[in-house]
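One structure is given here, and the rest of the page talks about it.
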Amino acid sequence: MMHEFFSNLESGLSKAIGAGEASPRKIYARELARLGTRLYGGNGGVAWCGITAPFDLLNAMGVTSCFVEFVGAMLASTGVVGSFIEETDHMGYSSDACSYHRAVMGASRKGMVPEPAFLVGTTNPCSGGLAVIENLARRFGKRQYVLHIPQDQSGGNVRFLAEQLRDLSAFVAAHTGAPLDPDALRRAVSNTNEARALMAEAYEFAKAVPSPVATKDLANYGIVMALFLGTDAAVDIARAFRDEFAKRVADTRSGVPNEKVRLLWIQNRIQFKNGIDDILAREYDASVVIDELNDITWDAIDPDEPFEGIARRSISIPFNGSIANRVAHLKKLAREYRVHGAVNPCNWGCRQGTGARGLIEEGLKEIGVPVLNLEVDCIDSRKFTEGQFRTRIEAFMEMLAGRPSPWS
Amino acid sequence: MNEKRRIGYTCAYTPLALIHAAGFSPYRILPDVDCADRAGQVLHDNLCPHVKRVLDRAMAGSVPELAGAVFMNSCDAMRRLADAWAAVRRDVPAALVDLPVVVNDRTVSFFRDELERCAGILQSWGGVIMSDASIAEGVGTHNRIAERLERLRALAREGRLPGGFPALQEAYNLASTAPPEEAIARLDHIESGALAAPSGDGVPVFVFGNVLPEPEAFTLFEDAGARVVGEDLCTGSRLFARIDAAGPDPLRAIASSLLGRTACARTFDAEHPGGLAETVVTRAREFGARAVIAYTAKFCDPYIARMPAVRDALRTEGIPFLALEGDCTLRSIGQHRTRLEAFIEMMR
């Protein structure tokens, strides 16, 4: 069923793109469909991973790999997540757990998670995600490798993670039977660096006032692009966005016509269909111009020291380390993108992300950027109450309208 | 009265021996003091109540004077507590010590280096310059406390400790918070009152989970007809496991000992996923328990995620299981009375 879904999606998107209806978002979605087709293709060789796994290394080793949260997001976006979350109730899973993780565990019970060849857990970003990897390893009776991502790059931390990455490549080789090909890794690093540079250019265009970015354009972009790093597809997608934004800026075409309000989206998007984007655009001429994870926080990787470069990247993800670092990053984004306000969807069940929301709110307040904290489950649409959200958003937008821009 | 300055801590993985070695007295900030609920100003409501109550104490000023606070990166909630502490108690410096989730040569070495960093921080807070000898002395102090608690634990299991497991929990709390020499003297005094003959009856149960510092909780178990025969809690035996400091590098030995003790759900064996379930079964059998009670603080992801496997393993072994969640208050513990009574009644 899932293979058919992704296969049909891919062919539909390919047809549209071939017929001259290409857009960066379609190219990006087609690559996601291709990934889904491979994951659910029944050909084995799949690795379920944590969010900060080194996907370029895994891609270089020919492994179809994906973070487990993808399953929850996919089920939410297709509107069928409810029964999978319910399934975890029967397992004795507390409803206080993150719905991304409950969804994937429920899906695994219902046979909707392909059996992996192995798993790669990561301590960053969260304890819950790591626990899911362990649970899936137990369920499928497969081996897992756990990457401990240190909190910062001090002392011997980069070396420690780089050594783990070398161990991981041997672990993967033991499963695939094919040792890491240094040339393949070099090509992957080259692709990663090229995609990185293109993404950075696209983000620079996104900072323009008015911004070429509409709320939906870059939803989930930064976090999902990690899956394609090391591949030609990553370069193609990144180039498509860069070119599109360059064109829009040249044409002085903004993502939202008559842009009035620019917003920063903290953490992840709400993954099921909801009316927030439309309310923002149609009623307030507002657009989410920047998401927290749509940023390049790492240097280009030295092809002669790929493991060290990948290690630095993994450590640099804004969700890692102290909240002080995260707040500093959010402030940087708020300044660079000249946002008027920020939206923090406090995903119920997410301890690492929403845990310190008070500190985030306080930090952004210091530079005059108010935060709208939404109480929401980003996966479970059954808990979504659009009316209440509308009221909160209306009040927030009215408040923004009544105060001077922090950048005027 | 010992005049050592105190270092606050909150996690069973804290290197207490190093705190002793630095000339400080470890002080566990237990979530057992009533104070205004203010943590929600800083942390989300969905965060572990243990962490929030510790923060409530910090914000209310209901912790004694501290020279610093050492937090372990044991889970998301603890990491956020370290962040929040830094924001609300700028007068008390805090350190976050990273903690591996799996144990192998590489991670033990990494943790060893983290302990070395921690030692440097303790020194910067006014602690003594540490040497191998002072570290060995710190380990010795920790082990003297641990050995006494081990003996009290054995007495409690045999039914020879006056007051039983509630008294044992009081002893743990004392050892967690009092200066070491005072703790040792008082533990010796408790031991000297051991009963000659066992007392108590009830259904033997094994209790595991995380934060349960309230002696009244154990009284509740006993009132419901249970006889606690063993526990694995971070406010109990897990905190006071002995440290084997043998070897040329005492810091590595401490690292290895801390990571090698009975694990919290957040630490696991990558080669044996979900091994907590088998550990619980094994320990219940070792203690001769007829039933298992899990007590965990709400919103604890490491336990939430592993509990279904524990439940399955106990069901397979035919061992009755009751999972309780609480918010670290007596109120929430009391609300479980009916469930506890029904659970124990079922086995009579």
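Atom CG of A:L359 sits about 13.0 Å away from atom NE2 of B:H44, to the nearest 0.5 Å. Note that SG of A:C346 is 8.5 Å distant from CG of B:N46, once rounded to the nearest 0.5 Å. If you take CD on A:Q144 and CG on B:D269, they are separated by 8.5 Å, rounding to the nearest 0.5 Å. Taking OG from A:S94 and CZ from B:F299, the interatomic distance works out to 8.0 Å, rounded to the nearest 0.5 Å. Going from atom CG of A:N157 over to atom CG of B:D113 covers 9.0 Å, rounded to the nearest 0.5 Å. The CG atom of A:D167 lies 8.0 Å from the CG atom of B:N104; values are rounded to the nearest 0.5 Å.
Counting only heavy atoms from C-beta outward, the side chains of B:L96 and A:S322 never approach each other to under 4.5 Å. Between B:F268 and A:L130, the closest side-chain pair of non-hydrogen atoms falls below 4.5 Å.
Open room surrounds CZ on A:R159; 12 or fewer heavy atoms of other groups in view lie less than 6.0 Å from it. Crowding of A:K365 atom NZ: a count of heavy atoms from other residues, nucleotides or ligands under 6.0 Å not exceeding 12. Counting heavy atoms of neighbouring residues, nucleotides and ligands inside a 6.0 Å radius, atom CG of B:D91 exceeds 12 of them. Surrounding CD of B:Q123 are more than 12 heavy atoms belonging to other residues, nucleotides or ligands, all under 6.0 Å away.
The two residues A:R351 and B:L47 have their closest heavy-atom pair at CG-CD1, 3.2 Å. Of all heavy-atom pairs spanning B:R80 and A:G321, the tightest one is NH2-O, 3.3 Å. Contact between B:I304 and A:A97 at its shortest, heavy atoms only, is CG2-CB, 3.7 Å. A:N135 and B:A305 get closest at one heavy-atom pair: ND2-O, 2.8 Å. Contact between A:D96 and B:K298 at its shortest, heavy atoms only, is OD2-NZ, 2.8 Å. The two residues B:G275 and A:R138 have their closest heavy-atom pair at N-NH1, 4.1 Å.
There is no contact between A:E362 and chain B, counting heavy-atom distances below 4.5 Å. Residue A:N347 touches chain B through its backbone alone, counting heavy-atom pairs closer than 4.5 Å. At a 4.5 Å heavy-atom cutoff, the contact between A:T354 and chain B is made by backbone and side-chain atoms alike. Interface remark: B:V101 contributes backbone and side-chain atoms alike to the contact with chain A (heavy atom separation under 4.5 Å). Only the side chain of B:E271 comes within contact range of chain A, with at least one heavy atom under 4.5 Å from a heavy atom of that chain. For B:A323, no part lies under 4.5 angstrom from a heavy atom of chain A. Using a 4.5 Å cut-off between heavy atoms, A:P150 contacts chain B through both its backbone and its side chain. Neither the backbone nor the side chain of B:D312 has a heavy atom closer than 4.5 Å to any heavy atom of chain A. In this structure, no portion of B:L55 lies under 4.5 Å from any heavy atom of chain A.
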Review point. Stepwise, does the side chain to side chain donor-acceptor pair (under 3.5 Å) test hold for A:S127 with B:D301?
Key: CA-CA 7 Å; A:S127 310; B:D301 285 328; 5.8 Å; no
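Between chain B and the residues A:R143, A:E163, A:R102, the most heavy-atom pairs under 4.5 angstrom are made by A:E163. The most heavy-atom pairs under 4.5 Å with chain A, out of B:R311, B:E325, B:R306, B:M307, come from B:R306.
Salt bridge annotation for A:E134-B:R266: absent, with no cationic side-chain nitrogen under 4.0 angstrom from a carboxylate oxygen.
Ring planes of A:H148 and B:F110: tilted class, angle from 30 to 60°.
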